[in-house]
Amino acid sequence: MNAHRQYSVVAQSYARALFGVARREGQLDRLAAESSALARGFEAVPAAMIFLDNPQVSTETKLAYLSGALGGRITPLIERMLGMLVHRDRVRFLGEILDNFGDLVEAAKGIGHATVETARELGADEKSRMSAVFERYTQHKLRIDWHVDPRLIGGVIFRHGDLMVDGSVKSGLEEIRERLLETTVLQT
């Protein structure tokens, strides 16, 4: 899951429908865990998604595959959604649907989503301390996606919704460069 993603209309429709039913049935936590595991499973076996999205494979064969691979290990609600996606030739949206559903569950729990870019990989302790600072700053519980961008030289870039805090060395150097250019232009 990424910060502030733009989902397709198809993915949003299925995710909202799944969220509505899961909430109504009191199964948000269970389905969130299950959908996350399902997404990881399909990411680990990309050939499964290629098979399910192949128009030359019959719907019956795809459903039989899903039944054999997942039968009895997923809730009937997720099983029905997968069947619907196969029947409607929309399996390619599954990852996006599951991500969007996860975001909806987190939003319902008051968990915000953020990204942090750093110049180097941070240790667990550094991430924990930084997370606490960002949560106090935003006054939200956050799920943070951590990214490394060596071009930053040092410092961090934090994004949460429409908020962006650029505390990178690269940004600071660019600001100094612009000021020097302004000063040089004004003196000539």
Side-chain angles (χ1 to χ4, degrees), residues 1-8 11-12 14-16 18-19 22-23 26-50 70 73-75 78 92-184:
M1 293 182 233
N2 298 332
H4 233 338
R5 281 169 289 238
Q6 296 296 318
Y7 295 108
S8 67
Q12 289 178 38
Y14 280 93
R16 281 194 304 265
L18 181 61
F19 177 80
R23 180 189 285 196
Q27 293 191 31
L28 275 181
D29 289 335
R30 180 178 181 193
L31 290 181
E34 191 171 294
S35 66
S36 178
L38 187 62
R40 285 192 310 272
F42 277 111
E43 285 174 10
V45 186
M49 190 57 69
I50 292 168
L70 303 171
R73 292 194 299 262
I74 59 174
T75 59
I78 296 285
R92 67 187 156 280
F93 294 104
L94 179 61
E96 196 179 351
I97 292 165
L98 297 175
D99 281 351
N100 191 189
F101 174 73
D103 287 351
L104 293 171
V105 171
E106 286 181 347
K109 292 180 173 188
I111 299 171
H113 191 265
T115 59
V116 173
E117 293 177 55
T118 59
R120 65 173 176 79
E121 186 67 38
L122 301 178
D125 195 42
E126 291 172 303
K127 287 179 179 180
S128 177
R129 285 194 312 268
M130 212 176 266
S131 293
V133 168
F134 291 134
E135 287 179 353
R136 277 194 307 275
Y137 181 73
T138 62
Q139 298 181 345
H140 286 100
K141 177 80 177 129
L142 296 174
R143 184 178 53 77
I144 299 175
D145 287 335
W146 301 89
H147 302 281
V148 175
D149 183 354
R151 295 174 298 170
L152 296 180
I153 305 169
V156 303
I157 297 176
F158 170 76
R159 290 183 180 89
H160 171 64
D162 294 334
L163 171 68
M164 183 180 117
V165 178
D166 189 343
S168 67
V169 172
K170 179 182 176 186
S171 174
L173 290 173
E174 288 173 2
E175 186 176 322
I176 290 170
R177 180 181 172 272
E178 288 175 20
R179 286 185 186 168
L180 287 172
L181 287 174
E182 284 178 15
T183 303
T184 304

Looking only at non-hydrogen atoms, find the nearest pair between [X] and [Y] and report the distance.
{"X": "S131", "Y": "I144", "result": "OG-CD1, 3.6 Å"}
{"X": "H160", "Y": "G112", "result": "CE1-CA, 3.9 Å"}
{"X": "D166", "Y": "M164", "result": "CB-CE, 3.8 Å"}
{"X": "V148", "Y": "A119", "result": "CG1-O, 3.6 Å"}
{"X": "A32", "Y": "V105", "result": "CB-CG1, 3.9 Å"}
{"X": "K127", "Y": "E121", "result": "NZ-OE2, 3.3 Å"}

State, with a plain yes or no, whether a side-chain heavy atom of [X] is found less than 4.5 Å away from one of [Y].
{"X": "Y7", "Y": "D99", "answer": "yes"}
{"X": "L104", "Y": "Q12", "answer": "no"}
{"X": "L38", "Y": "L70", "answer": "yes"}
{"X": "T115", "Y": "I157", "answer": "no"}
{"X": "F134", "Y": "F158", "answer": "yes"}

Between atom CE of M49 and atom CD of E43, what is the distance when rounded to the nearest 0.5 Å?
9.5 Å
Value rounded to 0.5 Å, distance of CZ in R16 from CG in N100
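CG of N100 is found 7.5 Å from CZ of R16.
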Salt bridge (Lys or Arg N to Asp or Glu O under 4.0 Å) involving [X] - partner list, sequence neighbours excluded:
{"X": "R40", "result": "none"}
{"X": "R129", "result": "D125"}
{"X": "E178", "result": "none"}
{"X": "E126", "result": "R120"}

Set of residues satisfying side-chain hydrogen bond (donor to acceptor under 3.5 Å, both in side chains) with respect to [X], sequence neighbours excluded:
{"X": "R23", "result": "none"}
{"X": "E135", "result": "none"}
{"X": "T75", "result": "E34"}
{"X": "R73", "result": "none"}

I'd like to check the side chain to side chain contact (heavy atoms under 4.5 Å, CB included) partners of [X]; sequence neighbours left out, ordered by chain and number.
{"X": "D149", "result": "E117, R151, L152"}
{"X": "A22", "result": "L28, L31, F101"}
{"X": "A33", "result": "none"}
{"X": "A132", "result": "R136"}

Carboxylate-amine/guanidinium contact R143 D103, below 4.0 Å
yes
